[in-house]
Every structure is written in structure tokens, then in C-alpha cells.
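Heads up, the thing below is written out as C-alpha cells.
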Amino acid sequence: MRGSIMADSEWTRAQAARSIERLLPRLRAELADARAADPAGWECFEARLAREWPRLFALLLQLYGGHYDFFYHLEQILLAAGRAWEQRSPALRALDERRAADPFWYQSQRMLGAVLYVDRFAGTLAGLRERLPYLEQLGITYLHLMPLFLSPEGNNDGGYAVSSYRTVNPAIGTMDELAALADTLRERGISLVLDFVFNHTSNEHEWALKARAGDPEYQEFYHIFPDRTIPDQYDRTLREIFPSVRRGSFTWDEGMGRWIWTTFNSFQWDLNYANPAVFRAMAEEMFFLANIGVEVLRLDAVAFIWKRLGTNSENQPEAHSIIQAFNALARIACPALLFKSEAIVHPDEVVRYISLDEAQLSYNPLLMALCWEALATREVRLLARALATRWRIAEGCAWVNYLRSHDDIGWTFDDDDARAVGIDPWGHRRFLNAFYTGDHPASFARGVPFQANPTTGDARVSGTLASLAGLEQALQEHNPILIDLAVRRILLLHSVMLSAGGIPLLYIGDELATLNDYGFTHDPARAGDSRWIHRVAFDWTRPERWSDMASPAGYIYNELLRLIALRKEQEAFGGSALEVFDTGNPHLLGYVRHNNGQRLTCVANFSERPQTLTANRLRLHGLGYRFCDLNTGARLSADEALALAPYQFVWLETV
Ligand code: OTU
């Protein structure tokens, strides 16, 4: 498909030029008032349109060129972009210009992300507004509020079943409050991040209700089948994502008397992007979110948006084209808007979503999973290999590095990478699952399985960071030595996240070492989904304990505040350049960060025993003889080996 576009590229360019020539007068007429009100702004819009149109046209032609109504949809998409610009507030147009002047702002070491559920953190949007000082004290500059849209009552997959992208869940607040919050955040230097749940809608979305009522136009919005013939053909090659919900990827809908494609829960209906009307409708929802002041859209479940018979229907080339087309539209109408890819898939596939033309930001599921892998094995060979071979991404883009999220942990490393360092991938995943679900005699972790698949033996892991790192077990055993080790593990993981480059993303609650909450099993809407064990309501009842350095939570909280402040002062932690080096010690991870003239050598001990880095290697990789460990202020010399205490990490600057 890509090949034919290339071969036809001249023809395509000519078509693109002709089409915009024809469409532009329509657009200018439609936006006459807005153009008159901001002629300079319109000039910028037209310049962006001229720049982006050839690629947008080529992408849409490739996706929808065969559709009988292609030119009608093309016109409607362009008009939607124009109206989005028309409705963009002066403050957001000003933001567009600021970002154009500093396009890689998100690579600064001052960036720090946080992610939370509004209801579980602060009850409502009004409550969140009152709690902003807490987030500001942490140094947050990027705030991801998990889905807060209208959603079905009861189980709604933590909001990932959206019934309206333009309505806030009334229990949380209103769209006006959300827009006002976005303004406040922006004024305080915090970018609002929301989900773009665009692979599916809830079965209560207006489109789904119309489809159910028999409206053929809206039945085309989804993948609907009269009987099992085609679903059976697809099911043969699809991965089951939520096998404990149902087997296979299709759900029988009683109301319609039809089968419907549901990759995730049965109430999450996959959208049909082969239909240009779906692309256009979702583009309009994207513009709406951009214009309430969202600066980053987290592209939920990107891997699944295009289906192809005979494949696993993940990571299809068209999925990339669709995101690129959304990206081009954003560049035209609301250029400050960035995308973050949520592709929790094979590492080869994760990086394919990352480029300035597609998603500028991406979760880094490999770093996340391998930090936990190294913590379990006390060895860094797989982690070091991944950092050495899979860290680099497209110029100008950034990883979003995280340790825990609202989701499970999956062991998405590459099998050959594992074999290359002498690890049997299949056995290793079994070991990791056993280790983290407490099914291993030597484990410190208190996690639980998520979506165990009885057929394939696959499973993922749920649990809070602190519980997985051993704090829950240590506290239960009232064992001060184990408590100390767990606290060290928690800080070690955060040190990697804060120093590796890209945007570190804190899962709110982890900074206070929140433990698993087993209460979800009593709530029928949540009992079937073990991820609720780590979606814990924030405990505001005893804020005084945060200053209590004698409690693990207080100690961790204050240490993290210190590390965050330290990170923000180091130019070397900005940008993305990272070089991993061989420490000659299987327990020590070593990497060099350099940026804007500063260079830092980081060493992290993933074992509970003291370890050393030889003086030779320290000189070689530290590029010097005398160092200062920024973390402790200690002065070191490379006359002797570098000694690291259990789980200690150092950030060394040559002095
Ligand atoms: C996302 O995750 C969200 O993060 C989840 O909270 C949602 O349940 C889901 O989409 C549906 O909206 O399966 O277990 O391989 O791992 O996209 C999490 C990619 C998920 C999937 C990921 C998905």
C-alpha cells in the first residue's frame, strides 16, 4: 500500500494541489468573520494548511480513496479543521505560537508528569482545584486526568468506556469546570493531558444507541456481524486481550440481535475506521478536546484501531496512517496539541508509533517492565541490553517513563533479546508472574494476576508499586530490615525514572508508598478487574505523616521531593541522550546522560548486597578522577573502586 503511494506520489501531489485549490474558497467563505477578526492568525492557519495538506491528502487518499464519497468527506474534514481554528480561544492561539517558537519544550528536565483519577484523588474537579498545591509542591508540569467523561453506571472500565466525549461525568463536574481548570493549569505551567479513547465507545454512546435502534448509518460506525461466520474467521488469529471477560473478541448484542467487535470489555464497542465518517467524527471530538485546553492527548489502545482478516489486527499500517492524519489535522488547527502513544505491545512495534508526524510522546513499557524484571532477578543484563539497543527514538520525540500506571504490568520484552543474554523468554515470564503474584518462595512482592489466560498460560500483574516492591510484606512482618530494603527499592526505581531522560510520570499515590487496596473485591462493578487493587483512593486524612521521616511513606515522599528538585536543576537530565555502559558487575546498571554541556554518570545497584564498580571502569565511564555524587553530596575519587550500598544509586558529576 505504501509502495503504491510512493509510485503515485507525483500524481497524488497534483491531486492534493487541485483539491485544496477547489476547497479553499469554500473554507474562506465559511470562516469570513473569524478571518476578519484575526487576519494574522488566519495567515498562520493558511500557512500550516499549505504545509500539511499534501501529506494529509495522501494519507486520507490511501485510507479512504476507494470510498464513493471520498471528496465529500475530504471537504467535511477540512471544514471541521477550519471551524476548530475558528473556535480556538485567543489564549490557545497564543499557546500555539509559543509552542511553535519552542517545539521541544517537553524535553526539558523540568518536566514531571503525574497521572490520577479525579474522583479517587479529590472527589470532583472542584476538589482537584483545591488540591493543586499538593501537585505543585511535587513539581508537576504535566497532569494526566484519567477518563472523566460520561460513562455507563457500574462497570465502565475505569472510564475507558466513553458515552460522550463532550460531557464530563456529572459526579465529577462539568465541561465548563474542566475548561476553566485547563486554563488555571496552563497559567501555572501545567499541561493538561486527557485520554483520547478512540478505539471504541461505550455501548451507551449516542452512535451505539442509534446503531442499536437499527440506523444503518451508525451501524457502519462499528464492526457488526449478523452471525458467527466472520467473527469466527477473525477469532482464529486474534489475541484475547481480556480473556477473563469472555473468550474471543466478539459480543452478542441482544438489542440488535447481532455480533459486535469488542476487543476489551463487552460494553466497549470497537469503532470502524474503515468508514471515513468515523474518522471525521472522531477528528471533531479531538478538536473539541484540544479547544477546551488539552495539550496532550493520550492515544488509548492505538494498536487495535485497524482490523485485517488473517492477522492479529494489531499494529496494522493503517493504524499509523490514521494517527498521522489526526496529527496533520492537529498541526493545522490546534498545533500546540501533542499525542502520546499508548501501545503496550512488542518493543519493535512501540517505536513505530513514535515520530513528529505521528505521536511525539510514547509510554515506555519496556523500561517499566524491565525495571521490575531487574528488581526480581537482581540482575540488569536484560534491562541494560534494552537501554543499549532500544532506547533511541525519532529525533525530537520523548519517552514517557513510568513505573506503575492504572493498568497491569505485562512482560513485553523481545524473546530474542532475552535469549541473547541467556534467558529463556517463556520460562522467564512464568517466573516473573510467579514472583510478582507472591507465588514464589523468595518473593517480596504482593501482586495479583490480571487476565490470566488458561489456554496460553499468559498473565499480567496488578499491584501498587510499594506492594510489588516489598513494603506490604515487610510491614506485615514488622521487620525493620525488610522495610528498609523495600524503601530502598522504591527509591531506586524512581531514581531510574527520574534520570533516564524523557518525561518521568508519577502515578499519584506512589510518592506516598500507597499499598494495595483489597476492598475492590466487595464492589460488584470492580470485583472482576484486579487492576482496582492499585487504583487506590488518595488518603488525605493524615497529611502530617508526610513530614514524618520515621515512617516509610514520609521518608519516601521527602526523598522523592528532593530527587525531583535535583533532577530539575541538572541540564544533563534534559533531552533523551542516554548511553548505557558495561559495569562488569551483573547487579549494577550504568548509564551516562549528557545534554547542554553537562554530563552525569549514573550507577544503580539492583541487589540487596553491597556492590562495587572497579576504579578502572569508574575512570573510563565517569571520564575523570574526582566526582561528586549529586544525590548525597559525597566526594569520590577514582583511585579506588566505587562502593554501592544495597539498592544504592549515584548520580556522578566530574569535579
Ligand atoms: C488501555 O489499555 C487502558 O489503559 C486500559 O485501562 C483500558 O482498559 C483499555 O485500554 C481499554 O480502553 O489492555 O490492560 O496492548 O494493553 O491498550 C490494558 C495494549 C489494555 C493494551 C492497552 C490497554
Side-chain angles (χ1 to χ4, degrees), residues 115-117 120 144-149 151-152 155-163 165 193-203 205 208 238-246 249 251 261-271 282 296-307 312-316 319 323 339-353 359 362-366 368-369 400 402 404-413 433 447-453 456 458-463 505 507 520 525-526 528-535:
V115 51
L116 54 85
Y117 278 108
R120 302 189 77 72
H144 174 200
L145 306 180
M146 272 181 291
L148 36 68
F149 305 106
S151 234
N155 186 1
N156 50 38
D157 192 18
Y160 282 93
V162 176
S163 300
Y165 299 93
V193 184
L194 289 189
D195 283 271
F196 193 43
V197 187
F198 71 129
N199 174 68
H200 46 266
T201 71
S202 89
N203 58 355
H205 191 285
L238 293 178
R239 192 160 68 101
E240 295 177 301
I241 307 300
F242 281 3
S244 70
V245 169
R246 92 195 92 65
S249 293
T251 300
W261 195 309
T262 55
T263 297
F264 298 97
N265 289 286
S266 300
F267 50 80
Q268 289 163 301
W269 290 13
D270 286 44
L271 285 163
M282 284 309 291
V296 180
L297 280 177
R298 170 192 181 276
L299 304 183
D300 183 60
V302 278
F304 300 91
I305 60 173
W306 192 272
K307 327 293 188 193
N312 62 0
S313 294
E314 292 180 41
N315 310 306
Q316 297 299 306
I323 303 161
F339 292 160
K340 175 174 70 159
S341 158
E342 192 254 347
I344 315 301
V345 289
H346 188 279
D348 287 348
E349 298 292 349
V350 172
V351 295
R352 296 204 170 108
Y353 293 93
S362 169
Y363 279 105
N364 190 348
L366 189 61
M368 184 279 290
V400 174
Y402 65 115
R404 288 298 293 118
S405 74
H406 69 294
D407 280 335
D408 47 286
I409 302 177
W411 310 109
T412 56
F413 56 80
N433 278 329
V448 295
F450 175 68
Q451 299 294 344
N453 187 325
T456 60
D458 284 344
R460 284 114 81 184
V461 173
S462 291
L505 177 60
Y507 185 62
F520 76 100
R526 292 177 174 161
D529 188 333
S530 72
R531 291 174 297 175
W532 287 101
I533 205 169
H534 55 256
R535 299 171 178 176

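Along the sequence shown, residues carry numbers from 1. Every number for a ligand or one of its atoms is a count from 1 in the order of the listing.
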Exercise. For the side-chain contact (heavy atoms from CB on, under 4.5 Å) test, which of L505, D407, V350 pairs with Y363?
Worked result: L505
Exercise. Do D195 and H144 have a side chain donor and acceptor closer than 3.5 Å?
Worked result: yes
Quick one: ligand 1 N/O to protein N/O pairs below 3.5 Å?
unit_1	atom_1	unit_2	atom_2	d
ligand 1	2 (O)	E342	OE2	3.2
ligand 1	2 (O)	D407	OD2	3.3
ligand 1	4 (O)	R298	NH2	2.8
ligand 1	4 (O)	H406	NE2	3.1
ligand 1	4 (O)	D407	OD2	2.4
ligand 1	6 (O)	H406	NE2	2.9
ligand 1	6 (O)	D407	OD1	2.8
ligand 1	6 (O)	R531	NH1	3.2
ligand 1	8 (O)	D157	OD1	3.1
ligand 1	8 (O)	D157	OD2	2.5
ligand 1	8 (O)	R531	NH1	3.1
ligand 1	10 (O)	D300	OD1	3.1
ligand 1	10 (O)	D300	OD2	3.4
ligand 1	12 (O)	H200	NE2	3.0
ligand 1	12 (O)	D300	OD2	2.8
ligand 1	14 (O)	D408	OD1	2.8
ligand 1	14 (O)	R460	NH2	3.1
ligand 1	15 (O)	I344	O	3.0
ligand 1	17 (O)	E342	OE1	2.8
ligand 1	17 (O)	E342	OE2	3.3

For this session: Assess whether salt bridge (charged side-chain N to carboxylate O under 4.0 Å, His left out) is satisfied between R531 and D157, documenting all intermediate values.
Result: CA-CA 10 Å; R531 291 174 297 175; D157 192 18; 2.7 Å; yes
Exercise. Any side-chain donor paired with an acceptor under 3.5 Å for T263 and W261?
Worked result: yes
For this session: Decide if the gap between the ring center of F149 and the ring center of H205 is smaller than 6.0 angstrom.
Result: no
For this session: Using atom types as modelled and distance alone, determine if a side-chain donor or acceptor of Q268 lies under 3.5 Å from a backbone N or O of T262.
Result: no
